[in-house]
2 protein chains.
Amino acid sequence: MNALSDKTVGRLSLYRRLLNGLVADGVTHVYSHQLAVLAGGTAAQVRRDMMAVGYTGSPKRGYDIRELAQSIGAFMDAPEGQGVALIGVGNLGRAILAYFAGRRPHLAIQAAFDADPYKANRVIHGCHCYPMTEMDTIAAKANIRTAIIAVPATEAQAVAAKLVRAGVRGILNFAPIRLHLPAEVYVEDIDMTMSLEKVAYFSRKGRAEKEVNS
Amino acid sequence: MNALSDKTVGRLSLYRRLLNGLVADGVTHVYSHQLAVLAGGTAAQVRRDMMAVGYTGSPKRGYDIRELAQSIGAFMDAPEGQGVALIGVGNLGRAILAYFAGRRPHLAIQAAFDADPYKANRVIHGCHCYPMTEMDTIAAKANIRTAIIAVPATEAQAVAAKLVRAGVRGILNFAPIRLHLPAEVYVEDIDMTMSLEKVAYFSRKGRAEKEVNS
DNA sequence: TAGAACTTGTTAACGCTTTCACAACAAGAA
DNA sequence: TTCTTGTTGTGAAAGCGTTAACAAGTTCTA
Ligand SMILES: NC(=O)c1ccc[n+]([C@@H]2O[C@H](COP(=O)([O-])OP(=O)(O)OC[C@H]3O[C@@H](n4cnc5c(N)ncnc54)[C@H](O)[C@@H]3O)[C@@H](O)[C@H]2O)c1
Ligand SMILES: NC(=O)c1ccc[n+]([C@@H]2O[C@H](COP(=O)([O-])OP(=O)(O)OC[C@H]3O[C@@H](n4cnc5c(N)ncnc54)[C@H](O)[C@@H]3O)[C@@H](O)[C@H]2O)c1
């Protein structure tokens with residue numbers, strides 16, 4: 001139960017998704033090197049990540065998929081489930097709502113908020129959309145500690161501060177600015193412009209490849 | 001002109017956007033520590049990144065914003081501009097089209113593709129949407145080397161392979177699977193589910209903080 | 001049973017990235 | 001001019017995450 005690193009948690013999430021896929025295919029066991037190719041990593045890394053969750057496989061049979069997935073779940077999921085709020089129901093916000101709607105039982109978007117009164121008090125992709133003025137009360141009532149920001153960049157800092165005041169401790173931020181918040185708030189930025197520029201750069205320059213001596 | 005690291009390229013993209021914002025505010029010079037707080041990093045890192053692009057500021061005045069932005073552009077942008085293709089014009093694809101439409105002159109989405117014949121041969125957010133059957137010819141004609149994948153996970157691998165055959169060398173992948181492609185193709189994954197699970201985890205556990213001795 | 005074959009768990013080495021620390025330097029003040 | 005102040009550029013150190021390597025272990029074969 002010691003603190004896991006950022007990257008390890010990300011990979012655990014990926015592993016679990018892959019494991020669930022394997023369960024659906026009827027597979028029962030998997031080796032670290034198999035999981036590694038699915039996850040795009042190395043076998044050593046998979047084993048090291050398993051150390052972090054404390055799950056132990058068996059030599060010659062590998063990992064029991066169902067047990068391992070459950071083990072990761074015990075580690076990552078809130079036992080009582082966890083609610084998420086979405087702020088900003090624009091083009092991106094609606095796509096996100098559509099995507100996450102009813103997909104994950106233990107991690108669902110429970111409420112959406114938008115400053116536009118035209119969008120408020122409607123149900124979008126199965127999620128009730130409230131006006132921003134009600135955010136504090138609803139976030140408190142549903143015990144929301146996690147939020148997704150999909151408002152224009154100019155609004156993001158103010159919205160983030162408001163969320164933190166309402167008790168939010170983790171933010172997934174799509175606005176292309178860096179938020180300034182207390183250190184105990186975890187912020188993950190998804191900066192599509194930055195990502196696209198990286199891809200564009202490397203698709204011209206090529207990835208710096210390790211030179212292989214002939 | 002030596003190879004830059006992944007992370008450095010990402011930050012350069014961010015710096016440039018911040019610099020452009022400052023130019024709009026009429027600022028002409030900036031210190032490394034100012035840029036650092038905007039970018040959410042440290043002054044030392046900013047200076048090291050500047051080393052990478054080879055631009056030299058002046059002590060006591062800092063960096064000339066306009067020159068620096070131009071310097072980064074010379075480093076990152078294709079001189080003749082660069083076209084991007086979007087595959088999959090669903091909920092997410094349309095949001096992306098709306099967002100990038102007409103925003104960046106030197107890095108524009110020039111063509112969209114979708115397997116659904118209902119979506120083909122229409123103009124969506126100013127971008128022509130073609131049927132998948134025409135992808136090869138159009139990608140070749142427009143000299144497209146960069147693509148965004150926003151198709152369902154089950155289709156992503158096949159679409160990616162098709163893109164690579166058509167000459168694409170960099171892919172921004174939104175589908176929640178790891179693509180298996182030749183090593184010279186640069187792939188950046190944006191895995192929203194993974195990111196959200198990370199945020200959910202750390203919003204409960206708190207970020208592993210450095211213990212400060214009293 | 002003994003041995004072969006292949007796996008896991010774990011420590012140590014490695015490499016990449018960030019941070020530190022400071023010499024060199026520019027600009028203004030005295 | 002000379003001193004003070006606050007910056008940049010950069011080698012060296014530190015930190016962090018990944019990879020390599022191998023002992024210990026499990027199963028199958030004979
Ligand atoms: N659409 C994309 O694909 C995309 C890509 C990259 C980044 N982004 C970023 O994501 C964010 C949203 O993008 P979008 O395309 O959905 O924009 P959008 O304009 O379509 O939607 C923004 C929504 O936020 C609401 N809003 C505005 N101010 C608000 C406030 N103070 N409180 C609550 N709600 C408020 C608006 O009413 C609107 O519904 C932006 O920051 C954008 O830069 C979007
Ligand atoms: N919507 C989101 O916010 C979101 C979030 C996370 C991940 N994703 C991922 O992004 C991808 C797209 O999501 P979406 O919500 O836009 O899905 P969607 O179903 O709305 O859109 C998918 C689009 O792809 C097209 N398509 C299907 N097969 C194709 C093929 N072989 N070639 C070309 N086009 C094809 C479909 O016609 C459709 O227009 C999915 O992989 C999804 O997992 C989306």
Side-chain angles (χ1 to χ4, degrees), chain A residues 2-15 19 27-65 67-68 71-72 75 178 183 194 198 202 207-212, chain B residues 2-15 19 27-65 67-68 71-72 178 183 186 194 198 202 207-212:
Chain A
N2 38 11
L4 300 228
S5 96
D6 202 290
K7 306 218 174 152
T8 304
V9 174
R11 282 193 299 268
L12 288 178
S13 160
L14 173 59
Y15 295 151
L19 292 172
V27 190
T28 65
H29 287 142
V30 71
Y31 295 128
S32 59
H33 58 86
Q34 298 175 310
L35 195 47
V37 313
L38 290 177
T42 69
Q45 186 157 68
V46 169
R47 294 204 296 275
R48 173 151 294 262
D49 290 335
M50 294 317 149
M51 266 181 75
V53 317
Y55 180 77
T56 266
S58 102
K60 205 66 181 180
R61 257 181 319 170
Y63 301 98
D64 181 298
I65 291 182
E67 278 180 22
L68 178 51
S71 219
I72 294 176
F75 219 93
R178 292 302 172 271
M194 194 190 90
K198 270 170 65 172
F202 286 110
R207 178 171 19 212
E209 320 182 37
K210 307 173 198 283
E211 288 294 330
V212 180
Chain B
N2 37 9
L4 300 228
S5 96
D6 202 290
K7 307 216 173 151
T8 304
V9 173
R11 282 192 301 267
L12 289 177
S13 161
L14 173 60
Y15 294 151
L19 293 172
V27 190
T28 64
H29 289 226
V30 71
Y31 295 126
S32 61
H33 59 88
Q34 298 176 311
L35 196 47
V37 314
L38 291 177
T42 69
Q45 185 158 69
V46 169
R47 293 205 294 275
R48 182 153 301 279
D49 289 335
M50 293 316 147
M51 267 181 74
V53 318
Y55 180 78
T56 267
S58 103
K60 209 66 182 179
R61 258 182 316 173
Y63 300 97
D64 181 299
I65 291 182
E67 277 180 22
L68 177 51
S71 222
I72 294 175
R178 293 301 173 271
Y186 182 88
M194 193 190 91
K198 271 170 64 172
F202 286 111
R207 176 171 19 209
E209 321 185 34
K210 305 173 198 283
E211 288 294 328
V212 180

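Reminder, nothing fancy here: chain letters follow the sequence lines and each chain counts from 1.
- In this view, A:Y55 and A:V53, A:Y63, A:D64, A:E67, A:L68, A:S71 satisfy the side chain to side chain contact (heavy atoms under 4.5 Å, CB included) rule, not counting sequence neighbours.
- If you take NE2 of B:H29 and C1' of D:dT7, they are 14 Å apart, rounded to a whole angstrom.
- Taking A:R11 as the reference, A:D49 meet the side-chain hydrogen bond (donor to acceptor under 3.5 Å, both in side chains) condition, with sequence neighbours excluded.
- Nucleotide D:dT8 holds its P atom 13 Å from the CG atom of B:D64, rounded to whole Å.
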Each nucleotide N or O in nucleotides 8-13 of chain C that has a protein N or O under 3.5 Å away: list the pair and distance.
| unit_1 | atom_1 | unit_2 | atom_2 | d |
| --- | --- | --- | --- | --- |
| C:dT8 | OP1 | A:S32 | N | 3.0 |
| C:dT8 | OP2 | A:S32 | OG | 2.7 |
| C:dG9 | OP1 | A:T56 | OG1 | 3.0 |
| C:dG9 | OP1 | A:G57 | N | 2.6 |
| C:dG9 | OP2 | A:Y63 | OH | 3.0 |
| C:dG9 | N7 | A:R47 | NE | 3.0 |
| C:dG9 | O6 | A:R47 | NH2 | 2.9 |
| C:dT11 | O4 | A:R48 | NH2 | 2.9 |

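- By the side-chain hydrogen bond (donor to acceptor under 3.5 Å, both in side chains) test, B:S5 pairs with B:T8, sequence neighbours left out.
- Taking every heavy atom of both residues into account, A:R61 and A:H29 meet most closely at O-CB, 3.4 Å.
- With sequence neighbours excluded, no residue satisfies side-chain hydrogen bond (donor to acceptor under 3.5 Å, both in side chains) with B:R48.
- Residue pairs that meet the side-chain hydrogen bond (donor to acceptor under 3.5 Å, both in side chains) test with at least one member in residues 31-45 of chain B, sequence neighbours left out, are B:S32-B:R47.
- Put simply, NZ on A:K7 is 14 Å from C1' on D:dT19, counting in whole angstrom units.
- Atom P of nucleotide C:dT18 and atom CG of B:D6 are separated by 10 Å, given to the nearest angstrom.
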